[in-house]
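Within every chain, numbering begins at 1; the chains are lettered A, B, ... in the order of the sequence lines, protein sequences first and strands thereafter. Here the structure is a predicted model, which means the values were calculated and not measured.
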Protein chains: 4
Amino acid sequence: MVRRRLTQEERKKETRKLLLEAAVEIFAQMGFYGATVDKIAEHAGFSKGAFYAHFHSKEELFLTILEQQMEAHVDNIRNVIKQHQSLSHFIETIDKYFLSVAQKNRTLSMLNMEFLLYAMREESVRHKWSGMITESVKQISKAINELMLSENYESDLSTDEIAWTILSLENGMAIFYYINQDLMPLNLYGKSLRNMLLPHIKEEN
Amino acid sequence: MVRRRLTQEERKKETRKLLLEAAVEIFAQMGFYGATVDKIAEHAGFSKGAFYAHFHSKEELFLTILEQQMEAHVDNIRNVIKQHQSLSHFIETIDKYFLSVAQKNRTLSMLNMEFLLYAMREESVRHKWSGMITESVKQISKAINELMLSENYESDLSTDEIAWTILSLENGMAIFYYINQDLMPLNLYGKSLRNMLLPHIKEEN
Amino acid sequence: MVRRRLTQEERKKETRKLLLEAAVEIFAQMGFYGATVDKIAEHAGFSKGAFYAHFHSKEELFLTILEQQMEAHVDNIRNVIKQHQSLSHFIETIDKYFLSVAQKNRTLSMLNMEFLLYAMREESVRHKWSGMITESVKQISKAINELMLSENYESDLSTDEIAWTILSLENGMAIFYYINQDLMPLNLYGKSLRNMLLPHIKEEN
Amino acid sequence: MVRRRLTQEERKKETRKLLLEAAVEIFAQMGFYGATVDKIAEHAGFSKGAFYAHFHSKEELFLTILEQQMEAHVDNIRNVIKQHQSLSHFIETIDKYFLSVAQKNRTLSMLNMEFLLYAMREESVRHKWSGMITESVKQISKAINELMLSENYESDLSTDEIAWTILSLENGMAIFYYINQDLMPLNLYGKSLRNMLLPHIKEEN
DNA sequence: GATGAATGAGTTTTCATTCAT
DNA sequence: AATGAATGAAAACTCATTCAT
């Protein structure tokens with residue numbers, strides 16, 4: 001009896017997971033309005049009914065994914081930061097991360113855009129989103145600060161400003177990249193960051 | 001007789017203009033799907049029928065606005081470029097332009113995002129959009145090149161790369177700005193650009 | 001002054017005539033619902049406004065044409081009848097008439113079908129239509145009667161019944177003819193009629 | 001479990017059947033354009049949504065019914081033919097069939113007219129329709145041929161021509177019958193056919 | 001009389017959501 | 001938990017008709 005219950009609960013979780021994964025793909029491919037509950041459910045191998053057993057509404061699902069992705073994004077940044085040893089190495093790592101995300105996850109990037117638009121319009125979502133950004137900036141800023149101190153390096157930009165610039169450039173370049181992958185050289189992200197942050201170091205080279 | 005006809009034609013033009021203006025606002029506020037033909041027409045002070053006398057479909061209207069905005073954007077860049085006298089002055093001008101657009105035209109910026117998302121999904125639109133970007137890059141690149149020559153200034157980045165960076169940063173910062181206007185300092189755009197492009201000149205100061 | 005007024009009235013009549021002619025074609029080609037006031041007016045070289053200066057509504061126009069065509073049809077039958085000299089000759093004439101109408105006036109035949117359907121549904125129109133049919137039957141019947149008397153010819157069918165059969169066969173064959181012109185031999189109309197009415201005469205051949 | 005699923009499927013079938021039946025009536029009464037999806041669904045006791053769960057479009061429904069009726073028509077003719085023993089008996093059977101259809105199924109007859117008009121305008125439908133007619137003619141022709149051989153009877157008309165005449169007369173008389181049931185004697189169909197086909201046999205009587 | 005811009009009721013169609021099984 | 005039939009609100013779009021010029 002106990003096992004059966006466990007199995008059932010596990011199955012419930014599994015269904016939910018499958019629905020979420022399907023939703024990520026469908027939302028990314030078709031946008032919030034283009035994605036119908038039917039398509040999402042079918043893509044996950046279930047019926048509409050199953051969907052509504054797991055989520056109250058299409059919007060709730062969307063917000064659930066939004067939150068998931070937000071957390072994943074902050075996590076990723078945290079991981080990138082952990083690996084740094086010097087400012088130059090930090091930029092290299094962040095550049096590689098950008099490259100890998102941009103090339104592999106067109107889907108996620110489009111979903112990200114979808115979220116941005118949603119966030120720009122929905123007060124409550126905008127709030128959460130802005131919280132996540134603040135958090136990201138704080139973490140990046142702190143890491144940069146430590147590196148600057150250890151490298152005895154100065155800049156006209158505050159560490160917060162540098163963090164903002166890093167994230168802005170990432171988003172901005174991702175947009176162009178997805179509009180036409182051939183136009184903009186992918187390695188420009190790291191190159192620009194290096195140019196902006198490491199002029200003195202370069203001179204010493 | 002001539003005056004009568006002219007008046008009618010003028011009225012037609014006026015109606016079209018009003019519909020377009022209304023559409024810009026409604027699309028920006030509510031997005032492509034949130035904006036209904038009904039809302040647009042009503043906002044302009046007309047009926048749905050009037051709308052369809054001027055546009056074949058909601059999508060046609062959207063694309064009409066898209067094209068308008070694209071042209072306006074390239075024009076604006078052209079104007080910004082015309083005013084430059086030195087690289088430093090050029091950055092200042094582009095920064096001021098960004099500031100004014102960001103502060104005055106929340107509407108247009110959100111519309112811009114809407115277009116981006118649309119472009120990412122629609123092959124044909126993506127094509128046009130990418131053409132516009134290429135054109136913008138070319139113009140900016142050329143202007144920077146001239147300034148660099150006259151100022152005998154060098155950079156690790158090609159003028160094309162600089163142009164891409166300028167536009168990417170603009171888009172990326174605009175996004176953050178609209179998600180939370182209080183978080184990111186607006187003047188950061190110019191500041192970052194200056195840091196990236198003018199390290200040597202600064203040193204001479 | 002007098003001349004101008006006359007001209008204006010003539011022009012009015014001319015416009016009305018052009019609108020009616022255009023309507024006949026458009027109704028026949030597209031049916032009552034497929035034909036829009038816009039299309040009709042444009043086909044006549046006028047605007048919708050002109051249309052409504054001449055007809056109260058689309059339906060009124062339709063009924064006007066209906067009446068016109070009904071009268072024309074009775075007229076045609078009258079003419080056919082006038083030309084007869086013998087029963088055999090009468091059938092020949094009616095056959096030729098059918099042939100010419102079927103081949104030349106696909107348009108009118110389809111309009112005729114449109115009217116039939118309309119008549120089947122609209123009490124008042126059905127009434128008029130049925131009056132026209134009765135009139136046609138009467139005229140044909142009378143003509144046949146005279147011919148029979150003069151030829152000392154008898155039939156199991158009354159002259160009224162013969163008239164009904166003639167008209168029914170005409171409609172029925174026209175339908176098949178327009179569905180597929182290649183299937184049914186056009187001369188079958190006369191042939192069948194001859195077979196029905198002239199067995200004795202044929203025997204004498 | 002099995003029963004549950006069966007019940008649901010059965011209900012689906014039942015709903016579809018009810019929608020089709022309602023559609024036949026509404027189309028017949030109001031024509032293709034007069035019949036709205038709303039009216040059809042309501043007449044069947046369902047919502048518009050239910051309608052679209054069963055049919056892609058109003059036109060698809062219409063064509064579904066068209067095909068159904070075409071098949072039924074050919075079937076009926078087949079049955080009529082099966083029952084014949086002699087040419088005279090054959091005509092009697094076909095006459096009775098006509099009478100029963102005309103009196104009982106005003107609805108179906110009007111639907112038939114609706115189909116005819118539709119067929120006259122739509123290439124693809126016209127094609128199917130003409131195929132059905134050819135088939136009907138073939139079957140009738142064959143039956144007549146056998147009867148003629150067995151009765152050693154000859155006619156100026158080929159058996160194909162006789163078949164065409166039979167069907168044409170049926171349609172033609174049905175039209176007049178529905179425009180005014182009182183005008184044309186219903187038994188005229190059989191009478192005319194007898195007169196056309198059986199002159200010699202009659203004489204021998 | 002003629003124009004054609006504007007209206008708005010009416011139509012088809014979609015889809016998030018509910019609910020009986 | 002899952003199914004999928006049914007709902008109904010909402011949207012895009014059409015077109016007969018009106019009316020100011």
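The shortest distance between the side-chain N/O atoms of B/Y52 and the OP1/OP2 oxygens of F/dT14 is not below 4.0 Å. Between C/H54 and the phosphate of E/dA2, there is a side-chain N or O to OP1/OP2 separation shorter than 4.0 Å. OP1 or OP2 of E/dG8 has not a single side-chain nitrogen or oxygen of B/K48 nearer than 4.0 Å. Remark: D/S57 is not in phosphate contact with E/dT12, judged by side-chain N or O atoms under 4.0 Å from OP1 or OP2.
Residue-level contact check: B/F51 touches neither bases nor backbone, having no heavy atom under 4.0 Å from any strand. B/A53 comes within 4.0 angstrom of no nucleic acid atom, judged by non-hydrogen atoms across all strands.
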note = Writing each nucleotide of DNA chain E 5' to 3' as (, ), [, ], | or . by Watson-Crick or G-U pairing under 3.5 Å yields .||||||||||||||||||||
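Residues D/T15 and B/K58 both approach DNA chain F. Their nearest nucleotides, taken by heavy-atom distance, put D/T15 toward the 5′ side. Sequence order on DNA chain E of the closest nucleotides to B/G49 and C/K12 puts C/K12 first from the 5' end.
The C/A50 side chain lies nearest to E/dT3 when the options are E/dA6, E/dT3, F/dG8. The listed nucleotides are F/dT3, F/dA6, F/dA20; the one nearest the side chain of B/R11 is F/dA20.
A distance-only check finds no donor-acceptor pair linking the side chain of C/E114 to the backbone of C/A28 [under 3.5 Å]. C/K128 contributes no side-chain N or O that, together with a main-chain N or O of C/L66, makes up a donor-acceptor pair within less than 3.5 Å. Looking at C/K58, its side chain does come within 3.5 Å of a backbone N or O of C/A35 through a donor-acceptor pair. Within the 3.5 Å criterion, the main-chain N or O of C/K39 finds no donor-acceptor partner in the side chain of C/K48.
Residue A/E42 places its CD atom among 12 or fewer non-hydrogen atoms of other residues, nucleotides or ligands, all under 6.0 Å distant.
We find that CZ of B/F55 is positioned 15 Å from C1' of E/dA6, with the value rounded to whole Å. A straight line from CD of A/E42 to P of E/dC15 spans 13 Å, rounded to a whole angstrom. Going from atom CD of B/E59 over to atom C1' of F/dA11 covers 15 Å, rounded to whole Å. Regarding B/L19, its CG atom lies at a distance of 9 Å from the P atom of E/dT7, rounded to whole Å. What separates CD of B/E14 from C1' of E/dA6 is a distance of 15 Å, to the nearest Å. The CG-P distance, from B/L61 to F/dA11, rounds to 16 Å in whole Å. Following rounding to the nearest Å, B/E60 (CD) and F/dA12 (P) show an atom-to-atom distance of 15 Å. Straight-line distance from the CZ atom of C/F62 to the C1' atom of F/dT17: 19 Å, rounded to whole Å.
DNA chain E is contacted by A/A35, A/T36, A/V37 of residues 22-40 of chain A, taking any non-hydrogen atom closer than 4.0 Å.
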task = Please assess C/F115 against C/F62 for the test ring-ring contact (aromatic ring centres under 6.0 Å, His included), listing each intermediate value before the final yes or no.
result = CA-CA 9 Å; C/F115 285 149; C/F62 189 72; 4.9 Å; yes
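At a threshold of 4.5 Å between non-hydrogen side-chain atoms, the residues D/M110 and C/R121 count as touching. When side chains are defined from C-beta on, C/T36 does not count as touching C/I40, because their heavy atoms never get closer than 4.5 Å. Under the 4.5 Å side-chain criterion, counting only non-hydrogen atoms from C-beta, C/Q69 is in contact with C/V24.
For the atom pair A/H56 NE2 and A/L63 CG, the distance stands at 12.5 Å (nearest 0.5 Å).
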